[in-house]
Amino acid sequence: MQEKYQPEYQPKTVERAAQEFWNAARSFCAIASARKPKYYCLSMFPYPSGKLHMGHVRNYTIGDVLARSHRMKGYNVLQPMGWDAFGLPAENAAIQNGVPPAQWTHGNIAYMRKQLEALGLGIDWERELATCDPAYYRWNQWLFLRMLEKGIAYKKTQVVNWDPVDQTVLANEQVIDGCGWRTGAPVEKREIPGYYLAITEYADELLAALDTLPGWPERVKTMQANWIGKSTGVRFAFPYELDGRKDKLWVYTTRADTIMGVTFVAVAAEHPLATHAARGNPELAAFIDECKRGSVMEADMATMEKKGMPTGIFVDHPLTGDQVEVWVGNYVLMGYGEGAVMAVPAHDERDFEFAKKYGLAIKQVIAVDGEKFSLDGWQEWYAEKQRGRCVNSGKYDSLDYQAATAAIAADLAARGLGAIQVQYRLRDWGISRQRYWGCPIPLIHCPSCGTVPVPDEQLPVILPTDCVPDGSGNPLTKRADFVDCVCPKCGQPAKRETDTMDTFVDSSWYYARYATTPGASTMVDAQTSAWMPVDQYIGGIEHAILHLLYSRFWSKVMRDISVNGKPLVSYDEPFAHLLTQGMVLNHIYSRRAAKGGIEYFAPDAVTPLRDESGRITGATLLADGSPVDYQGIGTMSKSKQNGVDPQALIDRYGADTARFFMIFASPPEQTLEWADSGVEGAYRFLRRLWTQAHARHAPIRRQAPLPAQLAPPLAGVRRELHLLLKQANYDLDKQQFNTVASAAMKMLNALEKVPALEGTDAVLAEGFGILLRLLSPITPHICHALWRELGYGDDILAAPWPQPEAVALVQDEIELVLQVNGKHRGSLRVKVGADRTAIETAALATEAAQKAMAGQPAKKIVVVPGRLINIVV
RNA sequence: GCCGGGAUGGCGGAAUCGGUAGACGCAGCGGACUCAAAAUCCGCCGCCAGUGAUGGUGUGGGGGUUCGACUCCCCCUCCCGGCACCA
């Protein structure tokens, strides 16, 4: 044994010793093994924002509980960690304090890695990676070039938020109420070229394959399915003649059955017809300009006031030949579908409001029996598909949705004006960012050859690490040593692409890189396929759609790209099981900066002001008493300054307390409002565990075998322990870790009360052995130390997972709940095998039943075996 | 606005299939130990009435199904996540 067994719990000493033990034994280095089943346990890697926050502690403790419990259950576990190291916050930090993003990022990584180590996570650090490392991002570039060759990557124009003062593209996050976050200037929409990945080519597979993911939460699959948004509709055209030229205005609709109710057509501000009409119409041109202002966010588009203006251009209704006027609408997006929509005010809520506002015709073409249509106000049934029948629609009258759509599509097709088409809500993935701190897009622009890919042997295109962004555009554009190059094709001077990639690219395949042999000279290798897919992925619910969908897409692309006739990877889906952790929330305080931008303040930097009901209404700054606004509660994040650093907790109580508290606080999938009340309780429990173990260490070390027959009080304690273990194992399988922690507390409560009898030592030895193993995934350090001190063995990680024994659980009497008319009136004890009649007789005989029945005869008696009996009078 | 989720004591939460609502813990209150405090230990603890036994009531709000509803169905309110350049 090591030093003297301390009677007091000293987390620092215990934790240092355990961590040294694991490091020396390389306990968490994953080596492929054919003898054990593999378990690739992965938590979403953090953005190195500076310090860990409680959301990280929650995420990584959950992952570690799963990894450690599976290890003890006999799995060969891989649990890696790395850094999502490119991104906007590094540039923001540079703007604020002038430090280059590279330096800031590496400093943060060093600090946060120490914090993760202090938490005692069972991580294979030999596989650590950072996405800002050229050895990693070269493969982003390499795969991008393969996608370009296959046509999966292509160029088109994109609409971005433009800050006219800083002359820079803004992220959605940097747009506050339609204005730039630094300048306060109203944001404009601007069209610029960018590169896209054709994720829509995989839309069908991404949707269908959701059914192959039983290990994913239903809610995430539903969100992804809705996001992909597969719909079957009709793409059709309104023919028109303009300046003597015949042409067609195409639209797409899922409600072709309402086509006879079209009273106008709305096009996007950027639509060619709008541009045409704006010539010689200054008022319309001004309106189009207005439409081009504002943010590009969908939420803004959906909630803003719907506005429009007529173009004076008319198109022909494809079936009736009626003249239909074309309007410009601020709610129609050029980049989505055809940039034009048919408007049926009677059966689309948005069109209805629009028509009422501008006095446009509303023509009812769908009726529902028993419902009365009125122009006075919108009613839900107007847009209903299922109950409706066509009216005022000529030959389509009385047809239902299905029949009308089919007939109308057939008629449109016969005229060459349309066809049934499957469409997706999903749009192709735009990956170009006009930012410095990201992976360079490996392209060269040559005056004579056009856009030329960087040859593979020149990869990676290395990002200079000494730039300091100042908020006014991408500093790469000013770096001649980066931009100036020679065309790989013709050798003439050329310019390098300065756009970098979306950071979602980096995170779309990092899990595969972890699984690859460290230092491999290819993107992936045979080891990748051996470890993949990830068996258990753990991360925040905020990634339910984008990150998880992009990763699924990226996997399928890698599967479809072959090198030397071999696909890069052999799996279809990257993540077999997914646990979506609920967000850890905290209060958000902010105020408008002088220029109109916004600044955030940490909750511990303000004094909240409350109304009489206790709700926070505002706050004052601790530093100078100036007022700040209360923004409600939201996810802990660097940008909102509301993260809580776990370091103080770890320093004061140790990592085990921090881990236990986070796990105990709530079930993993639930949102958690941060409050540190209760940390004391977690610490108290661990201290009690330590002192109890110490007080009993002599009898436990004897490891006496259980006697054949235990005295009833001891048998009762033993039964309780095994019952708790059974429940805890069930909860662990359900990934409901908070009640596993509760079970451990209940076990200690039971063990403290074990009466001193013949066999007590054996019950204690068995009981502590169960408790320590059950608790070790949550609080590994203290369990490691006690396991050794109490003489169970050298390494609790090598111990088998505890299982309840059936013989310990038997009992001969059970308690049934007694109800009269469904109301709880007491209980009664019956022998385990008692039959129904015996139970009924016993129940009717009880004083409580007699009293509650008040002399009335039983009309019916419900007996739920083993649970309750309900007498109905 | 649209998509997904949530709401249970003063607080975090528990209740596996529709079967004792509030396990476990925090806070609080009372007591023991102590010169005192901390730590520790014992007890109480949803709300209302009652000295008490006990009775009534209670899982965001309203309605329904059922012998029985935190749990199932319908409607509503509020909160959280996502909405494609935060990660």
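The sequence lines fix the lettering, A, B, ..., with proteins before strands; numbering per chain opens at 1.
The gap from the P atom of rC85(B) to that of rG5(B) amounts to 25 Å, rounded to the nearest Å. Across rC78(B) and rA23(B), the matching P atoms stand 32 Å from one another, rounded to whole Å. Taking atom C1' in both rG43(B) and rG81(B), the straight-line distance is 44 Å, to the nearest Å. Rounded to whole Å, the separation between the C1' atoms of rG30(B) and rC76(B) comes to 44 Å. The P atoms of rG22(B) and rC74(B) are separated by 29 Å, rounded to the nearest whole Å. The C1' atoms of rG46(B) and rC70(B) are separated by 15 Å, rounded to the nearest whole Å. Comparing rG63(B) with rG13(B), their C1' atoms sit 29 Å apart, to the nearest whole Å. Comparing the same atom, P, in rA7(B) and in rA15(B) gives a spacing of 12 Å after rounding to whole Å.
Residue S666(A) is in sugar-phosphate contact alone, with no base atom involved, counting any heavy-atom pair closer than 4.0 Å across all strands shown. If you check every strand for non-hydrogen atoms under 4.0 Å, L88(A) touches sugar and phosphate atoms only. Contact annotation for N749(A): backbone-only contact, meaning every heavy-atom pair under 4.0 Å involves sugar-phosphate atoms and none involves a base. Counting non-hydrogen atoms under 4.0 angstrom, R219(A) reaches the backbone sugars and phosphates but no base. Counting non-hydrogen atoms under 4.0 angstrom, R825(A) reaches the backbone sugars and phosphates but no base. Residue R427(A) is in base contact, counting any heavy-atom pair closer than 4.0 Å across all strands shown. Residue M297(A) is in sugar-phosphate contact alone, with no base atom involved, counting any heavy-atom pair closer than 4.0 Å across all strands shown. Among the protein residues, V872(A) comes within range of the sugar-phosphate backbone only, with heavy atoms under 4.0 Å from sugar or phosphate atoms but none that close to a base. Within the nucleic acid shown, G430(A) comes within 4.0 Å of sugar-phosphate atoms alone, with no base atom in reach, counting heavy atoms only. At a threshold of 4.0 angstrom between heavy atoms, the contacts of F504(A) include nucleobase atoms, whether or not backbone atoms are also involved. Here L585(A) lies in heavy-atom contact (under 4.0 Å) with sugar-phosphate atoms only. V220(A) comes within contact range of no nucleotide atom at all, as no heavy-atom separation falls under 4.0 Å. Within 4.0 Å of G826(A), counting heavy atoms only, lies no atom of the nucleic acid at all. Within the nucleic acid shown, K859(A) has no heavy atom closer than 4.0 Å to any nucleic acid atom.
Within the 3.5 Å criterion, the main-chain N or O of P48(A) finds a donor-acceptor partner in the side chain of N108(A). Put simply, the side chain of R219(A) never gets that close to the backbone of A544(A): no donor and acceptor are under 3.5 Å apart. A distance-only check finds a donor-acceptor pair linking the side chain of E91(A) to the backbone of Y436(A) [under 3.5 Å].
Between K753(A) and E720(A) there is no salt bridge, since no side-chain N of the basic residue sits under 4.0 Å from a carboxylate O of the acidic one. A salt bridge links D166(A) with R182(A): the closest approach of a Lys/Arg side-chain nitrogen to an acidic carboxylate oxygen falls below 4.0 angstrom.
A side-chain N or O of D428(A) and one of T200(A) form a donor-acceptor pair less than 3.5 Å apart.
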Pair pattern of RNA chain B in dot-bracket, where unpaired bases get dots and | marks partners in another strand, Watson-Crick or G-U under 3.5 angstrom: (((((((..(((......[....))).(((((.......))))).((((....))))..(((((..]....))))))))))))....
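Every residue two or more places apart in sequence or in another chain that forms a side chain to side chain donor-acceptor pair (under 3.5 Å) with S590(A) is listed here: Q631(A).
Across the interface with RNA chain B, nearest-nucleotide mapping of W227(A) and F86(A) shows W227(A) to be the residue nearer the 5′ end. The nearest heavy atom of RNA chain B to A682(A) and to Y550(A) marks one nucleotide each, and the one closer to the 5' end goes with A682(A).
Within 6.0 Å of CZ in R425(A) there are more than 12 heavy atoms belonging to other residues, nucleotides or ligands. A 6.0 Å sphere centred on NZ of K51(A) holds no more than 12 heavy atoms belonging to other residues, nucleotides or ligands.
Applying the 90° criterion around 0 to the glycosidic angle, rC17(B) comes out syn. A glycosidic torsion no more than 90° from 0 defines the syn conformation; rG52(B) lies beyond that range and is anti.
Judged by the 6.0 Å distance and 45° axis criteria, K156(A) is positioned over the aromatic ring of Y196(A).
Using cut-offs of 30° and 60° on the angle between ring planes, the pair Y537(A) and Y510(A) is tilted.
Extent of RNA chain B lying under 4.0 Å from chain A heavy atoms, first and last nucleotide in 5' to 3' order, is rG1(B) to rA87(B).
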